[in-house]
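Can you read through this structure? Questions will come right after.
Excluded from the calculations below are hydrogen atoms, water molecules and symmetry mates; all remaining heavy atoms, backbone and side chain alike, are included. Note on naming: letters A, B, ... go to the chains in the order of the sequence lines (proteins, then strands), and numbering restarts at 1 for each one.
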Number of protein chains: 2
Amino acid sequence: MPFDLRRPERAFSIRQLCLEFKCTPRALRFYEDKGLLAPARQGLNRVYSYKDRARLVLILRGKRVGLALAEIREILQLYDKTDGSAVQSATALRKFKARIVAMEQRREDIDHAIAELQDACGRLEAMLAKSRPDLLSDMADFVPQPRAAASPRHV
Amino acid sequence: MPFDLRRPERAFSIRQLCLEFKCTPRALRFYEDKGLLAPARQGLNRVYSYKDRARLVLILRGKRVGLALAEIREILQLYDKTDGSAVQSATALRKFKARIVAMEQRREDIDHAIAELQDACGRLEAMLAKSRPDLLSDMADFVPQPRAAASPRHV
DNA sequence: TTCCATCTTGACGTTAACGTAAGGCTGACT
DNA sequence: AGTCAGCCTTACGTTAACGTCAAGATGGAA
């Protein structure tokens with residue numbers, strides 16, 4: 001037992017993370033190549049810490065919301081530099097705020113899209129309810145919100 | 001006056017749409033190539049109707065929320081087939097609902113991301129308020145909403 | 001008529017984000 | 001000792017979404 005196994009979950013192999021997050025070793029190495037991750041090494045093998053794992057969570061979430069790896073890296077670097085000089089922190093703060101604005105814009109896009117899809121669903125259901133109600137029977141439908149709750153408060 | 005100019009805004013040249021939506025002619029032709037748009041022609045030239053313009057709005061929004069063109073096309077085709085057979089409509093309905101679920105997942109991702117960024121902002125601002133309050137003066141800050149109860153400090 | 005801007009259709013180039021195959025190290029079994 | 005799984009690096013291939021010429025049609029202004 002070469003290493004601390006009392007808390008075996010404090011370190012992860014590349015395979016473990018890949019299984020957990022449904023991605024491939026190639027992807028993780030690629031992120032490393034691009035400067036988004038920097039796992040420790042045990043010989044040649046990569047050893048991912050909890051911090052690395054947390055970064056990976058951020059990376060994958062960033063990807064899901066449509067950010068490019070370069071943008072995600074920049075955000076992660078801002079996090080890293082949070083304890084730098086005051087001027088650096090001020091710069092970081094500005095960029096964070098810009099990011100937030102952009103994100104909220106995307107959220108509105110998503111709300112629009114959802115509203116439109118729900119609208120289409122509503123029309124389709126109304127149509128089918130008249131013509132072929134039998135086809136509606138096995139649908140796992142939660143009724144689309146009574147229309148009032150589109151996107152009430154902008155956080 | 002070759003065409004109806006009493007409502008000049010009912011038809012658009014490729015350039016007009018590009019200016020309005022900040023994209024390039026190449027992009028619009030590309031979308032056409034991929035089956036997302038099908039503008040009319042006047043000779044060789046493309047003439048975009050209001051319906052085409054509406055489709056473009058959907059396309060661009062889809063892009064912003066991270067959908068691939070192929071996915072957007074599928075959604076647009078579902079809209080188109082809404083008036084097809086009942087069975088087709090039922091299929092469309094199912095797919096719409098799946099889309100909605102996926103979209104709501106993305107919305108949660110975005111909410112997470114925003115929350116994290118705001119948390120980082122909060123910490124940075126607190127830090128700067130103590131060390132260099134002068135650097136905070138010119139920031140266009142709306143204070144990040146009081147949130148639920150301050151910020152529960154689990155990373 | 002000539003010229004220019006704006007449109008068109010190819011066709012090849014580019015970037016991002018990996019996939020995939022080739023060849024090699026290394027520790028654990030058998 | 002062999003071999004096998006799992007990791008490594010290197011390097012070329014692939015897909016999406018366009019960008020970027022090149023070469024030609026066209027309609028209006030000088």
| request: I would like to know whether K97(A) and E125(B) meet salt bridge (charged side-chain N to carboxylate O under 4.0 Å, His left out); could you show each step before the answer? | output: CA-CA 11 Å; K97(A) 293 202 170 184; E125(B) 277 175 344; 2.7 Å; yes
| What residues form a salt bridge (Lys or Arg N to Asp or Glu O under 4.0 Å) with R15(A), not counting sequence neighbours? |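 Checked R15(A) against salt bridge (Lys or Arg N to Asp or Glu O under 4.0 Å); zero matches.
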| message | Nearest 0.5 angstrom please: C23(A) SG to L60(A) CG, how far? | response |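 That separation rounds to 5.5 Å.
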| field | Between CG on residue L128(A) and CG on residue L135(A), distance to nearest 0.5 Å | value |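 Separation between the atoms: 6.0 Å.
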| query | Separation of R73(B) atom CZ from dC18(D) atom P, in whole Å? | reply |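 Rounded to the whole Å, the gap is 14 Å.
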| query | How long is the span from the CG atom in L136(B) to the CZ atom in R94(A), to the nearest 0.5 Å? | reply |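 Reported value, rounded in 0.5 Å steps: 9.0 Å.
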| request: Calculate the interatomic distance between F30(A) atom CZ and dA11(D) atom C1'; express it in whole Å. | output: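 One finds 14 Å between C1' of dA11(D) and CZ of F30(A), rounded.
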| task | Name the first nucleotide and the last nucleotide along DNA chain C (5' to 3') that come under 4.0 Å of a heavy atom in chain A. | result |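 Going 5' to 3' along DNA chain C, contacts run dA17(C) to dT20(C).
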Show the distances under 3.5 angstrom between N or O atoms of the protein and N or O atoms of nucleotides 3-9 of chain D.
unit_1, atom_1, unit_2, atom_2, d
dC7(D), OP2, R15(A), NE, 2.7
dC7(D), OP2, R15(A), NH2, 2.7
dC8(D), OP1, R46(A), N, 2.7
dC8(D), OP1, R46(A), NH1, 2.9
dC8(D), OP2, R29(A), NE, 3.2
dC8(D), OP2, R29(A), NH2, 2.9
dC8(D), O5', R46(A), NH1, 3.2
dT9(D), OP1, R41(A), NH1, 3.2
dT9(D), OP1, R41(A), NH2, 3.2
dT9(D), OP2, R46(A), NH1, 2.9
dT9(D), OP2, R46(A), NH2, 2.7

| Using a cut-off of 4.0 Å on non-hydrogen atoms, how would the nucleic acid contact of K63(A) be classed: base, sugar-phosphate, or nothing? |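 Touches sugar-phosphate only.
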| query | Charged N to carboxylate O below 4.0 Å: is that the case for D80(A) and R55(A)? | reply |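 Salt bridge present between D80(A) and R55(A).
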| field | Distance-minimising heavy-atom pair for D52(B) and P39(B) | value |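 Result for this residue pair: OD2-CA, 3.6 Å.
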| field | Residues D33(B), R29(B); criterion salt bridge (charged side-chain N to carboxylate O under 4.0 Å, His left out); working and verdict | value | CA-CA 6 Å; D33(B) 235 53; R29(B) 297 195 193 105; over 6 Å; no
